[in-house]
Amino acid sequence: MTISENQRNLEAGLLLNKNRNDINECRITAVVLFSTFVSVCGSFCFGCAAGYSSVAQTGITADLGLSVAQYSMFGSLMTFGAMFGAIFSGQVSDLIGRKGTMWFAQVFCIAGWLAIAFAKDTIWLDAGRFSNGFAVGLFSYVIPVYIAEITPKHVRGAFVFANQLMQSCGVSLYYVIGNFVHWRNLALIGLIPCAVQVVTLFFIPESPRLLGKWGREKECKASLQLLRGDEADVSEEANAIKETNVLFDQGPKSRIMDLFQRRYAPSLVIGVGLMLLQQLSGSSGVMFYVGSVFDKGGFPSNIGSMILAVIMIPKALLGLILVEKMGRRPLLLASTCGMCISCLLLAFSFSFRSYGILVEVTPIFTCIGVVGFISAFAVGMGGLPWIIMSEIFPMNVKVSAGTLVTLANWSFSWIVSFAFNFMIEWNASGTFLIFFSICAAGIVFIYAMVPETKGRTLEDIQASLTDFLQ
């Protein structure tokens, strides 16, 4: 009888500890919310820079006399600069911290907007755009990684998706005000979110997982305590971080070539594959030059930009809600299917217009296709590759992996954004048929390769992928 009672007491104690740990895992504190908001101010800067090239095209080409080739170079230099930012993003983030990297990125973002605002020729204009791009390359790695490292597992996807939401907010703002504000003043407005982040970064904690990697266990636990609340027991989470770091510290230091070991093959294929799909689907070209797409399809670009501005934020909000309800994988599939259908509609619309068929309704088809493409992109494909990238790589290769994956993203983004205007002039229908084919291939890739990561700890996800081929 005594043994039975002891067993019941033990089971009750274990159940109590489990419930307490579950409560700690589910805790969303004001510090987590505020830290996420501060970090995604950089995403808002990213969105402003992305939306700028579309609405400023008419004013800049008229005032500075730029040709199509010169403006294509200006628009694509943001992604070219992001390539260089991506090369250093992982190393800088590990060297000076996630917060320090965001401060460092804002130096380039502020300098870029000032150079564009006061540019008298293409040299300063291009230099400013490149500087903005360098900052974007740093932001695109450090923001999702920082958010993933500070948030509880059950809401991690939704919080990291706030990165995409704020990018959409930045793009939408510029699509609206760009119709009324001069391009120089528009560049000066871009300084406002930069200043907000520079100031508020002083009031958020550093990533506990990075502090753990640096061996600063006391500060790691203090950061976790601040993020989880004063009454939370963070010892289990702190020990998991410590054990993971100890495990990976036993191996050699991370190098780019280490990523090509067989044990990291699934993570690398998934990470790089999703980034290539995100860019080769044509997203950068459509986003940067959406005005040109509307004009080519016979739909007024100012009205089209306003429609997109109204649609993008609710769609991104929908993605934020669905990412933890549907999961990453189903939402990725739904998003890519929507982009695929929209590309096919645009291809038919431009084809009909070129042959003089249904010319009265093809502008409507163009508007539906563009809105459908960008909406589908905002719901899933825009943010989910970055969420998954922040989850699938273990700490010992996260720097090298993050650098490689981010570099792959921005390299292909530069190619697409530079070539897009020329491709549209060459054959608009053929351009979107190419994007349709890539999206269709992406559906197969996601179905076959991408795992579900919803509701799993980072350590569990990384261990399962690392052991996949063992």
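For the residue pair M339 and C439, the shortest heavy atom distance occurs at CB-SG, 4.0 Å. Residues M449 and I270 come closest through the heavy atom pair O-CD1, 3.5 Å. For the residue pair G85 and L138, the shortest heavy atom distance occurs at O-CD2, 3.5 Å. The minimum heavy-atom distance linking P385 with L332 is given by the pair CD-CD2, 4.4 Å. Nearest heavy-atom pair, E206 versus S223, reported as atom, atom and distance to 0.1 Å: O-OG, 2.8 Å. Taking every heavy atom of both residues into account, V32 and I150 meet most closely at CG2-O, 4.1 Å.
Taking the six-membered ring wherever Trp is involved, the centroid distance between the rings of Y52 and W113 falls below 6.0 Å. F130 has its ring centre less than 6.0 Å from the ring centre of F84.
In this structure, the separation between OG on S207 and CG on L211 is 6.5 Å, given to the nearest 0.5 Å. Rounding to the nearest 0.5 angstrom, the gap separating the CD1 atom in I110 from the OG atom in S131 is 10.0 Å. With rounding to the nearest 0.5 Å, the separation of CD1 in I177 from CD1 in I189 is 4.0 Å. In this structure, CD1 in I116 is found 10.0 Å from CG in L186, a value given to the nearest 0.5 Å. To the nearest 0.5 angstrom, I204 atom CD1 is 7.5 Å from Q197 atom CD. Here CG of L64 is found 9.0 Å from NZ of K120. Values are rounded to the nearest 0.5 Å.
Residues S292 and N421 are in side-chain contact: their nearest non-hydrogen atoms beyond the backbone lie under 4.5 Å apart. Annotation: side chain of S76 is not in contact with side chain of F80 (no heavy-atom distance under 4.5 Å). Using a 4.5 Å heavy-atom cutoff, the side chains of F436 and L346 are not in contact. Side-chain atoms of Y289 and Q57, non-hydrogen and from C-beta on, do get closer than 4.5 Å to each other. Side-chain contact between V293 and F299: absent, with no pair of heavy atoms (C-beta onward) separated by less than 4.5 Å. No side-chain heavy atom of V142 sits under 4.5 Å from any side-chain heavy atom of V145. F377 is listed as a side-chain neighbour of Q278, based on a closest heavy-atom distance under 4.5 Å. Taking 4.5 Å as the limit, every side-chain heavy atom of V40 sits out of range of all side-chain heavy atoms of L165.
Looking at residues two or more places apart in sequence or on another chain, you find no side chain to side chain contact (heavy atoms under 4.5 Å, CB included) involving V310.
The cationic atom of R98 (NZ for Lys, CZ for Arg) does not lie both less than 6.0 Å from the six-membered ring centre of Y146 and within 45° of the ring axis. Taking the ring axis of F288 as reference, the NZ or CZ atom of R129 stays within 45° of it and closer than 6.0 Å to the ring centre.
Distance alone, capped at 3.5 Å, places no donor-acceptor pair between the T336 side chain and the G442 backbone. Remark: the backbone N or O of I87 is not paired with any side-chain donor or acceptor of Y141 at under 3.5 angstrom. Checking side-chain atoms of W214 against main-chain N and O of G97 turns up no donor-acceptor pair under 3.5 Å.
Under the 30°/60° scheme for interplanar angles, the aromatic rings of W414 and F418 are found to lie parallel.
Sorted by first and then second residue, the ring pair (Phe, Tyr, Trp, His ring centres under 6.0 Å) pairs involving residues 184-203 (not counting sequence neighbours) are W103-F202.
Q167 and S43 share no donor-acceptor pair across their side chains, judged by distance under 3.5 Å alone. Side-chain contact annotation: S140 with W386, donor-acceptor N/O pair under 3.5 Å absent. Judged by distance alone, the side chains of S417 and T79 do bring a donor and an acceptor atom under 3.5 Å apart.
Applying the 6.0 Å contact sphere to CZ of F445 captures more than 12 heavy atoms from other residues, nucleotides or ligands. When the shell of 6.0 Å around NZ of K221 is examined, it contains 12 or fewer heavy atoms from other residues, nucleotides or ligands.
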Kindly indicate, with the supporting measurements, whether the criterion side chain to side chain contact (heavy atoms under 4.5 Å, CB included) is fulfilled by M389 and N409. CA-CA 11 Å; M389 181 273 291; N409 181 283; over 6 Å; no
